[in-house]
*Asks:* 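Have a look at this one before I ask anything.
A quick note: this is a predicted structure, and the numbers were derived from the prediction, not measured. All ligand and atom numbering here is 1-based and tracks the order in the structure.
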Amino acid sequence: MKYALITGASAGIGKALSYKFAEKGHNIIITARRVNELGNTKKDIESRFKVNVIVKTGDLAEDGAASRLYDDLKRYDINILINNAGFGDFCMPWEINLEKANRMLNLNVKALTELSLKFVRDHVEEDATLINVSSVGGYYLFPIAVSYCATKFYVSSFTEGIAAAVKMEGKKLRAKVLAPGPTESEFLIAASKDAVVNGKDFFTDKNAFITAERLADYTYRLYESDKVVGIVDGEKKLILKDPMFQIFTSDTKLA
Ligand SMILES: NC(=O)c1ccc[n+]([C@@H]2O[C@H](COP(=O)([O-])OP(=O)(O)OC[C@H]3O[C@@H](n4cnc5c(N)ncnc54)[C@H](OP(=O)(O)O)[C@@H]3O)[C@@H](O)[C@H]2O)c1
């Protein structure tokens with residue numbers, strides 16, 4: 001029995017992805033720190049769709065937690081991994097709380113890397129899919145969130161790099177980047193208590209947001225497509241694209 005592993009599934013985008021992939025007939029393994037939310041989601045999904053839902057709780061920002069989670073799930077046949085757990089920090093670079101910045105690096109970068117590399121190592125020859133959740137801020141720098149953007153540039157380039165390596169060697173695994181724009185979720189609560197930074201409401205245009213359910217539809221379209229990048233544009237539409245980072249080849253001429 002095949003499973004999709006979805007991290008950060010207790011709220012927002014990850015929760016919506018859990019419903020979307022279950023609705024499409026995938027058994028799912030959902031993980032986050034909050035046990036009650038995951039338990040309720042399991043109950044609700046299993047009552048609506050004919051799929052199995054496995055719940056695993058844990059703090060992925062803790063040292064080694066991602067590796068332990070992956071090893072603990074070895075008995076399941078996971079053919080889709082969605083690294084969605086992540087958070088932002090909206091502040092100027094000189095105002096950042098270093099402890100929070102470290103947790104962000106641990107979750108957005110380290111845990112995602114550990115899970116991705118183990119998954120890729122085990123499934124590179126198989127019909128398997130890795131989807132890493134980046135951000136529009138993983139392709140454009142926002143001065144109000146440079147550390148967060150840098151973590152997401154890492155996610156974008158790392159995942160595009162895996163896609164390039166897989167293509168170069170003719171392997172079967174597919175690696176994809178989802179780059180959401182503003183999406184309704186608990187993200188702003190974690191990124192900045194009230195999204196007001198230096199007296200400015202960071203997201204003044206509430207109309208810029210899409211629902212997490214719409215983003216989950218977009219993600220499924222990316223999953224089904226042969227494109228590597230799915231980015232949400234200023235019109236709130238999904239644009240499916242080829243990789244955006246330049247790949248160095250023997251013909252590359254450095255300026
Ligand atoms: N919403 C947006 O506008 C937006 C835009 C671009 C990109 N994104 C990206 O989308 C992804 C999902 O964010 P979201 O908007 O859905 O935010 P969210 O509503 O805050 O959800 C974040 C999820 O990650 C989990 N999580 C947080 N810290 C964790 C930890 N230490 N260990 C394990 N799980 C943890 C949370 O669950 P627990 O608290 O239960 O652990 C929750 O399920 C993130 O990678 C974010 O950077 C969001």
*Asks:* Within ligand 1, which atoms have a heavy atom of Ala61 less than 4.0 Å away?
*Replies:* 31 (N)

*Asks:* Below 6.0 angstrom between ring centroids: does that apply to Phe187 and Phe87?
*Replies:*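 Centroid separation for Phe187 and Phe87: 6.0 Å or greater.
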
*Asks:* Return the option from Lys152, Met104, Lys15, Glu186 holding the heavy atom at the smallest distance from atom 19 (O) of ligand 1.
*Replies:* Glu186

*Asks:* Quick one: does Tyr148 get within less than 4.0 Å of ligand 1, heavy atoms only?
*Replies:* yes

*Asks:* Measuring from the heavy atoms of Glu184, does anything fall under 4.0 Å of ligand 1?
*Replies:* no

*Asks:* Hey, which atoms in ligand 1 end up nearer than 4.0 Å to a heavy atom of Thr183?
*Replies:* 1 (N), 2 (C), 3 (O)

*Asks:* Taking only non-hydrogen atoms of Ala9, do any sit less than 4.0 angstrom from ligand 1?
*Replies:* yes

*Asks:* When you compare the side chain of Val228 with that of Asp242, does any pair of heavy atoms fall below 4.5 Å?
*Replies:* no

*Asks:* Looking at Ser10, which atoms of ligand 1 are within less than 4.0 Å of one of its heavy atoms?
*Replies:* 36 (C), 37 (O), 38 (P), 40 (O), 42 (C), 43 (O)

*Asks:* Under a 4.0 angstrom heavy-atom cut-off, which atoms of ligand 1 come close to Val133?
*Replies:*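 Counting atoms of ligand 1 from 1, those under 4.0 Å from Val133 are 9 (C), 10 (O), 11 (C).
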
*Asks:* Any idea which atoms of ligand 1 are less than 4.0 Å away from a heavy-atom of Arg34?
*Replies:* 37 (O), 38 (P), 39 (O), 40 (O)

*Asks:* Examine ligand 1 and decide if any of its atoms is less than 4.0 Å from a heavy atom belonging to Gly58.
*Replies:*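 Flag set, Gly58 near ligand 1.
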
*Asks:* Do Ser10 and Arg33 have side chains that approach each other closer than 4.5 Å (heavy atoms only, starting at C-beta)?
*Replies:*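 No, their side chains stay 4.5 Å or more apart.
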
*Asks:* Is the NZ or CZ atom of Lys176 both under 6.0 Å from the centre of the six-membered ring of Tyr223 and within 45° of that ring's axis?
*Replies:* no

*Asks:* Okay, side chain of Asn132, backbone of Val177: is any donor-acceptor separation there less than 3.5 Å?
*Replies:*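 Side chain of Asn132 to backbone of Val177: no pair is present.
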
*Asks:* Got more than 12 heavy atoms from elsewhere within 6.0 Å of NZ, Lys241?
*Replies:*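 Open.
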
*Asks:* Does any part of the side chain of Asn79, heavy atoms only, come nearer than 4.5 Å to the side chain of His123, both counted from C-beta?
*Replies:*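 Sidechains of Asn79 and His123: no contact.
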
*Asks:* Examine Gly8 against ligand 1 and note whether any of their N/O atoms are separated by less than 3.5 Å.
*Replies:* yes

*Asks:* Under 3.5 Å between some N or O of ligand 1 and some N or O of Pro182?
*Replies:*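 No.
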
*Asks:* Quick check on Gly181 - does any of its heavy atoms sit under 4.0 Å from an atom of ligand 1?
*Replies:*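 For ligand 1, residue contact (heavy atoms, under 4.0 Å) with Gly181 is present.
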
*Asks:* Flag Ile13 as yes when one of its N or O atoms lies below 3.5 Å from any N or O atom of ligand 1, and as no otherwise.
*Replies:* yes

*Asks:* Going by the order shown, which atoms of ligand 1 are within less than 4.0 Å of some heavy atom of Asp59?
*Replies:* 30 (C), 31 (N), 32 (N)

*Asks:* Is any NZ, NE, NH1 or NH2 atom of the basic residue among Lys118 and Asp122 found under 4.0 Å from an Asp or Glu carboxylate oxygen of the other?
*Replies:*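 Here Lys118 does not pair with Asp122 in a salt bridge, since their nearest N and O are not under 4.0 Å apart.
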
*Asks:* When you compare the side chain of Tyr76 with that of Asn27, does any pair of heavy atoms fall below 4.5 Å?
*Replies:*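 No, their side chains stay 4.5 Å or more apart.
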
*Asks:* I'd like to check which ligand 1 atoms, numbered from 1 as shown, lie under 4.0 Å from a non-hydrogen atom of Gly12.
*Replies:* 16 (O), 19 (O)

*Asks:* Heavy-atom contacts under 4.0 Å between Asn84 and ligand 1: side chain, backbone, both, or neither?
*Replies:* both

*Asks:* Quick one: are Leu238 and Ile231 in side-chain contact, heavy atoms under 4.5 Å?
*Replies:* no

*Asks:* Do the ring centers of Tyr220 and His26 come within less than 6.0 Å of each other?
*Replies:* yes

*Asks:* Classify the side-chain pair Tyr148/Asn108 by whether it contains a donor and acceptor separated by less than 3.5 Å.
*Replies:* no

*Asks:* For ligand 1, is there an atom lying under 4.0 Å from some heavy atom of Ser134?
*Replies:* yes

*Asks:* With heavy atoms under 4.0 Å as the rule, classify the contact between Arg103 and ligand 1 as side chain, backbone, both or neither.
*Replies:* neither

